[in-house]
Enquirer: 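Take a look at the following structure, please.
The figures that follow rest on heavy atoms only: side chains count, while hydrogens, waters and symmetry mates do not.
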Amino acid sequence: MSEIVGQALLGKSVAELVAASDNPDLVANLIPGCDGLHRIDAEHVEGRLATQVAGIPIEAAVSVRRTVEALDGGVTRLHLRLKVRPDIGGHAIVVALVDLTEAGPTSSSASWRTSTELDPMLAVMAGQRVEEYLRGAIDRLISGLAD
């Protein structure tokens with residue numbers, strides 16, 4: 001398991017970012033190789049992806065769990081959990097805790113920390129490459145909410 005931190009100034013209000021994170025079509029467009037997501041319940045969307053990780057074609061089921069929490073000091077926390085289950089077996093998960101605060105009328109400050117988890121089979125087969133894909137996917141998802 002590895003942990004990464006990040007921060008950015010995003011060009012939308014906190015309310016707009018929260019609303020964007022609840023849009024399955026937008027989220028699908030931000031996950032590399034995802035061909036669409038459908039809602040399972042208020043917190044979950046799932047679908048399929050076909051992509052390449054370090055030149056290796058991967059087809060997988062993908063699911064995203066999203067929850068929102070109001071913290072003290074006007075901070076809104078998005079919990080984002082992206083799980084990829086390749087057709088060859090195993091799973092990979094990246095979890096991001098994204099803290100959002102208003103930076104201006106049309107912008108928000110975002111800071112996040114992510115952690116990844118790979119099952120042993122994927123860790124042995126392509127651990128570093130899968131973790132790089134997961135980190136890139138979650139960073140793209142976070143920053144893309146403001147587009």
Enquirer: On a heavy-atom basis, which atom in P105 and which in S13 lie closest, and how many Å separate them?
Expert: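 In terms of heavy atoms, the two residues are closest at O-CB, 4.3 Å.
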Enquirer: Could you grab the distance from atom CG of L145 to atom CG of L30, nearest 0.5 Å is fine?
Expert: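 The CG atom of L30 is 6.0 Å from CG of L145, to the nearest 0.5 Å.
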Enquirer: How would you list, by chain and number, every residue that makes a side-chain hydrogen bond (donor to acceptor under 3.5 Å, both in side chains) with Q7, sequence neighbours excluded?
Expert: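 Partners of Q7 under the side-chain hydrogen bond (donor to acceptor under 3.5 Å, both in side chains) test: none.
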Enquirer: Stepwise, does the side-chain contact (heavy atoms from CB on, under 4.5 Å) test hold for L37 with R48?
Expert: CA-CA 7 Å; L37 295 170; R48 300 277 307 160; over 6 Å; no
Enquirer: May I ask you to list the residues sharing a hydrophobic cluster with L71, side-chain cutoff 4.5 Å, ordered by chain and number?
Expert: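 Listed partners: V75.
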Enquirer: Answer yes or no: is there a side-chain heavy-atom contact under 4.5 Å between T101 and T76?
Expert: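 Of all side-chain heavy-atom pairs linking T76 with T101, none is under 4.5 Å.
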Enquirer: Could you pull out the closest heavy-atom pair between V14 and S108, with the gap in Å?
Expert: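 Taking every non-hydrogen atom into account, N-OG, 3.0 Å.
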Enquirer: What's the spacing between T51 OG1 and I58 CD1 if we round to 0.5 Å?
Expert: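 Answer rounded to 0.5 Å: 8.5 Å.
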Enquirer: Could you tell me the separation between the CG atom of L9 and the OG atom of S143, rounded to the nearest 0.5 Å?
Expert: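 Interatomic distance, L9 CG to S143 OG, rounded to 0.5 Å: 12.5 Å.
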Enquirer: May I have all residue pairs that pass salt bridge (Lys or Arg N to Asp or Glu O under 4.0 Å) and include part of residues 138-147, sequence neighbours excluded?
Expert: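 Passing the test, one end in residues 138-147: no pairs.
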Enquirer: Would you mind listing the cluster partners of L97? Hydrophobic ones only (ILVMFWY), side-chain contacts under 4.5 Å, chaining allowed.
Expert: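 Members alongside L97: none; it stands by itself.
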Enquirer: Quick one: do V98 and L80 satisfy side-chain contact (heavy atoms from CB on, under 4.5 Å)? Show the steps, please.
Expert: CA-CA 8 Å; V98 185; L80 300 171; 4.3 Å; yes
Enquirer: Return the OG1 to CG distance between T116 and L82, rounded to the nearest 0.5 Å.
Expert: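 Answer for the OG1-CG pair, T116 versus L82, is 11.0 Å.
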Enquirer: Taking salt bridge (Lys or Arg N to Asp or Glu O under 4.0 Å) as the cut-off, I'd like each qualifying pair that reaches into residues 10-27, sequence neighbours left out, listed once.
Expert: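 Listed once each, the pairs are D22-R39, D22-R66.
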Enquirer: Just grab all the salt bridge (Lys or Arg N to Asp or Glu O under 4.0 Å) pairs involving residues 101-111, residues at least two apart or on different chains.
Expert: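 Found none.
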Enquirer: Where do A137 and P32 come nearest, in terms of heavy atoms and distance?
Expert: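 In this case the closest contact between A137 and P32 is CB-CD, 3.9 Å.
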Enquirer: Using the side chain to side chain contact (heavy atoms under 4.5 Å, CB included) criterion, which residues pair with A19? Sequence neighbours excluded.
Expert: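 Here no residue qualifies.
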Enquirer: Quick one: salt bridge (Lys or Arg N to Asp or Glu O under 4.0 Å) pairs with a partner in residues 68-85, sequence neighbours left out?
Expert: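 Found R77-D99.
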Enquirer: Shortest non-hydrogen contact from L10 to A110?
Expert: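 Scanning both residues completely, I find the closest heavy atoms to be CD1-CB, 3.8 Å.
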Enquirer: Please determine which of I4, T114, V84 meets the side-chain contact (heavy atoms from CB on, under 4.5 Å) test together with V94.
Expert: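 Among the candidates, only T114 passes.
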Enquirer: Give, for atom CG of L78 and atom CD1 of I142, the distance between the pair rounded to the nearest 0.5 Å.
Expert: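 If I round to the nearest 0.5 Å, the distance is 8.5 Å.
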Enquirer: If you round to the nearest 0.5 Å, how far is OG of S109 from CG of L100?
Expert: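 L100 CG to S109 OG: 8.5 Å, rounded to 0.5 Å.
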Enquirer: Indicate the atoms forming the closest heavy-atom contact of C34 with V62, along with that distance.
Expert: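 Minimum heavy-atom separation between C34 and V62: SG-CG1, 4.1 Å.
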Enquirer: Give the minimum heavy-atom separation between P86 and A60, together with the two atoms involved.
Expert: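 Minimum heavy-atom separation between P86 and A60: CA-CB, 3.5 Å.
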Enquirer: Apart from I93 itself, which Ile, Leu, Val, Met, Phe, Trp or Tyr residues share its cluster (side-chain heavy atoms under 4.5 Å, direct or through members)?
Expert: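 I93 clusters with V95.
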Enquirer: Applying side chain to side chain contact (heavy atoms under 4.5 Å, CB included), name anything that partners I40, two or more places apart in sequence or on another chain.
Expert: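 I40 satisfies side chain to side chain contact (heavy atoms under 4.5 Å, CB included) with H38, H44, E46 once adjacent residues are dropped.
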